[in-house]
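Notes follow the structure.
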Amino acid sequence: MRIRLKFTKFGKVRFTSHRDVARMWERAVRRSGLPMAYSEGFNPRPRLSFGLALSTCHESQSEYLDIDIDPERADQIDMAEILSVLTQHLPDGLAAVGAEVITRKTPSLQQAVTSCTWQIDVIETDEETAAGAVARALAADELVVTRQRKGKEVTDDLRPQLIGIDILGPTEDGVRIVAELGTKPRSIRPSELLSVFEPPLRERRVTRLNQWITDDLGERREPIVCRSVASAAVGAT
Amino acid sequence: MESVWTRLESLLPHVQKPARYIGCEDGSQHPVHGSGKVSWLLTYPDTYEVGLPNQGLQILYEILNERPDAVAERSYAPWSDLEALMRSEGLPLFSVDNHLAATDFDLIAFNLSAELVYTNVLNCVDLAGIAVRSANRNDSDPLIAIGGHCTFNPEPLADFVDLVVLGDGEEVVGEITEVVAEWKRNGKGPGTREGVLRTLASVPGVYVPSLYEVSYDGPAIVEVSPKYSDVPERVEKRTIADLGDWPYPKSQLVPLTEVVHDRLNVEVFRGCTRGCRFCQAGMITRPVRERPAEQVKSMITNGLRRTGYDEVSLTSLSTADFSGIDQVIRDTVSEPGCDQVSVALPSLRVDAFTVGIAAQIQRARRTGLTFAPEAGSWRLRQVINKLISEDDLFEAVESAYSQGWRRVKLYFLTGLPTETDPDTLGIADLAQRCAEIGRAHNRSASVTVSVGGFVPKSNTPFQWFGQNTSAELGRKIGMLRDATRRNRAVQLKWHDPKATLIEGIASRGDRRIGAAIEYVWRHGGVFQEWSEHFNHDLWLEAMAACGLDIDWYVHRHRTEQEILPWDHLSAGLHKDFLWQDWRDALDQVGLEDCRWTPCYDCGACTGYGIEHVVASATPPAGGSQGTGVRQAPEPLIPATLQVRAAAAVPST
């Protein structure tokens with residue numbers, strides 16, 4: 001039995017890394033008494049698999065992980081209680097908000113997710129400047145970034161991965177942008193997007209709003225249909 | 001009192017590992033401050049990853065927060081990237097619980113477990129916005145306190161701290177709280193700081209360096225005398241009589257980010273009477289106080305359930321000596337819900353019995369097992385009173401390789417008293433013979449040898465010994481490299497002799513060394529225990545600039561008559577006991593473990609009217625047990641061993 005969970009990450013805990021979050025989940029699941037399945041071998045590890053990494057300092061209202069349940073004890077699982085039990089054992093700022101039983105044939109999160117919607121608050125700019133930068137990016141044929149990979153310089157064109165972008169309006173000290181960025185062949189980070197703008201924009205706070213799976217027909221859906229979604233206020237501490 | 005969180009938050013995206021500054025650990029307290037409460041900032045003067053697991057700090061954090069008249073928060077040294085931002089933004093040292101400025105606290109108490117962090121103490125005090133020299137502080141500034149093993153010679157820090165706590169902190173923090181509460185009620189008015197320090201000096205275990213005058217004749221100390229008649233001439237350490245009364249930490253902190261020793265820790269006993277002469281910890285924490293087995297078990301099971309850890313470490317100076325250790329471990333791993341838990345024994349004794357225990361519990365891959373024979377020859381092991389025979393070691397190693405371990409790590413010291421080149425080369429010989437034993441079981445078996453330079457410490461029989469120069473330590477390490485170079489199964493690692501030298505300066509330095517510590521700090525020398533920051537030349541420059549002779553402080557043998565800088569501070573050990581043990585060392589005479597043999601009156605029990613608390617009347621089975629004589633495989637009561645009547649089984 002495999003369960004796909006959706007969780008949120010807000011507040012001080014956003015300063016922890018992807019690896020830190022994985023460890024927090026491992027301990028929380030162990031404490032909750034959920035009958036996890038363990039890997040075989042000398043050093044058995046609980047079988048948890050995470051989706052796309054979230055950068056340290058970014059918040060999210062839609063993170064996912066899959067947990068394998070010990071098949072012999074699967075009847076101990078109470079899907080009605082699972083979200084509150086897990087949230088109780090997670091640190092402040094992490095909360096389980098959705099759960100669904102999936103099959104072993106369900107493609108992994110890493111494989112399935114094709115794009116993410118990001119809320120990006122930028123500072124030291126105004127709405128007009130930001131709008132101009134966004135319009136130029138949309139009109140460009142290519143948006144080239146250079147990055148270091150294994151000691152070599154690699155260039156990528158971000159333009160095909162910029163699926164959609166909108167200026168939502170002014171914030172207290174800048175502008176709020178929402179953008180959908182592709183994850184194939186690799187995940188584009190919001191900071192990379194900001195760096196290709198002219199002029200480049202500076203991020204203040206970034207929140208992942210959604211992860212999307214687009215099928216062959218172009219239909220877009222989220223990795224699970226949430227049974228209950230806590231009303232997490234975007235950007236709240 | 002205002003949280004600095006919002007200001008800190010905007011800096012965190014620009015630093016490495018920001019999670020170490022957010023707090024939020026499971027088990028963290030939520031202290032509510034109030035005018036009637038004394039506030040403590042418990043500070044570890046190294047990074048969060050190194051400091052968070054410190055059990056001493058966590059114990060005091062809980063004990064203080066349980067008191068109605070106290071609150072305690074925690075702080076750690078910010079890494080250089082954040083420190084630079086804090087200085088440019090004017091952000092002070094802060095607590096990680098409520099993110100309050102350090103100056104919002106009544107006391108800032110540092111835990112000192114190694115000498116190279118001393119410059120970090122000055123840096124933290126300065127980052128707090130407080131004068132680094134105690135003489136320059138204002139009446140209302142927080143009191144700067146230090147505790148931990150290094151405080152048995154606190155003299156190099158004497159000019160920078162207001163008070164020093166010697167020994168176990170569990171009880172004395174309450175007594176200090178009461179004195180400071182009174183001072184706080186009276187408004188900490190002008191001119192009252194020295195008064196409160198004088199009152200604190202009358203609390204047993206508290207040493208106030210500014211209330212003592214040190215007089216010198218040339219380099220030698222002539223006298224250390226109290227400035228006032230109500231200040232004690234000699235400060236005795238504190239010792240809790242029974243560890244069973246202190247089942248702390250009850251809620252061990254579970255950090256959100258990776259730290260060293262990231263597992264549940266349960267202290268199974270405190271103190272050690274094996275009597276290894278180089279070991280300061282074993283000398284200053286006497287007598288042995290075992291935690292009742294039932295309490296150990298409940299701390300393990302409750303701790304695992306609460307934290308979600310899958311590993312527990314049973315801590316002490318020699319865990320295999322805990323009475324009935326095998327039963328405790330068997331019970332732990334058979335507990336329902338503990339089927340995936342592994343147990344770590346951080347201090348393995350060198351014998352086959354101990355390896356047998358390790359084999360029972362090691363659930364993870366059997367990659368490496370560590371032993372500490374400490375010296376390369378039986379002669380030298382008699383000098384240091386680490387009475388492990390070659391048979392003990394070879395049987396332990398045989399047992400390890402035959403049960404599936406593929407790598408054995410051996411710890412040694414070099415630069416020990418009376419050490420000759422054949423003694424040093426004995427290290428290579430032992431390692432090669434261990435590797436041969438290993439190869440009989442596994443072709444890829446290997447031995448890692450880790451060699452550290454010996455630093456003599458205060459309150460040990462070796463406090464009179466002149467430390468080897470770094471050139472001499474380097475020569476010995478070079479000799480070992482040559483001797484092991486051709487053997488691919490033996491890997492040699494060593495501690496930088498230059499760092500050993502600097503540790504030696506602080507280890508037995510007096511008040512005059514403070515000037516050099518301040519010089520190094522003022523010239524940017526922080527995080528000196530980190531090899532990427534360690535600056536040997538800066539220390540040499542500082543010593544020269546302050547007119548201090550390294551040779552005199554580090555490499556010189558002391559005489560019996562010499563007044564040592566820490567003679568007015570007592571770990572309970574009689575100076576004539578230590579001197580006799582030093583003479584015995586030079587004569588290669590061993591001393592038995594007094595847990596199971598008659599008292600030889602070192603002073604630690606008799607002076608304080610306390611006793612060992614051990615559950616077993618006999619030494620554990622296996623090996624020669626530090627006696628150099630084979631012990632029966634099943635514990636029997638040998639005729640020569642006696643147990644003092646009062647060393648009874650503790651009540652739970």
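So that the names make sense, note that chain A is the first sequence line, chain B the second, and so on, each numbered from 1.
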Self-check item: Donor-acceptor side-chain pairing of B:Asn265 and B:Thr315 below 3.5 angstrom
Solution: no
Quiz item: Can you find a side-chain donor-acceptor pair between B:Gln403 and B:Ser399 that sits under 3.5 Å?
Solution: yes
Quiz item: Is the distance between the ring centroids of B:Trp79 and B:Phe527 less than 6.0 Å?
Solution: yes
Quiz item: Any chance the rings of B:His33 and B:Phe105 have centres within less than 6.0 Å?
Solution: yes
Quiz item: Taking side chain as C-beta onward, heavy atoms only, is A:Val113 less than 4.5 Å from A:Pro223?
Solution: yes
Quiz item: By a 4.5 Å heavy-atom criterion (distance strictly below it), what part of B:Arg306 contacts chain A: side chain, backbone, both, or neither?
Solution: backbone
Is [X] in contact with chain B via its backbone, its side chain, both, or neither, using a 4.5 Å heavy-atom distance?
{"X": "A:Thr16", "value": "both"}
{"X": "A:Arg30", "value": "side chain"}
{"X": "A:Val21", "value": "neither"}
{"X": "A:Arg204", "value": "neither"}

Quiz item: Looking at B:Val254, B:Leu256, B:Ile22, which has the largest count of heavy-atom pairs under 4.5 Å with chain A?
Solution: B:Leu256
Self-check item: Among the listed options B:Gly23, B:Pro13, B:Ser10, the residue most often paired with chain A at heavy-atom distances under 4.5 Å
Solution: B:Pro13
Quiz prompt | Step-by-step salt bridge (charged side-chain N to carboxylate O under 4.0 Å, His left out) determination, A:Arg104 to A:Asp68 | solution = CA-CA 9 Å; A:Arg104 291 196 168 265; A:Asp68 281 10; 3.8 Å; yes
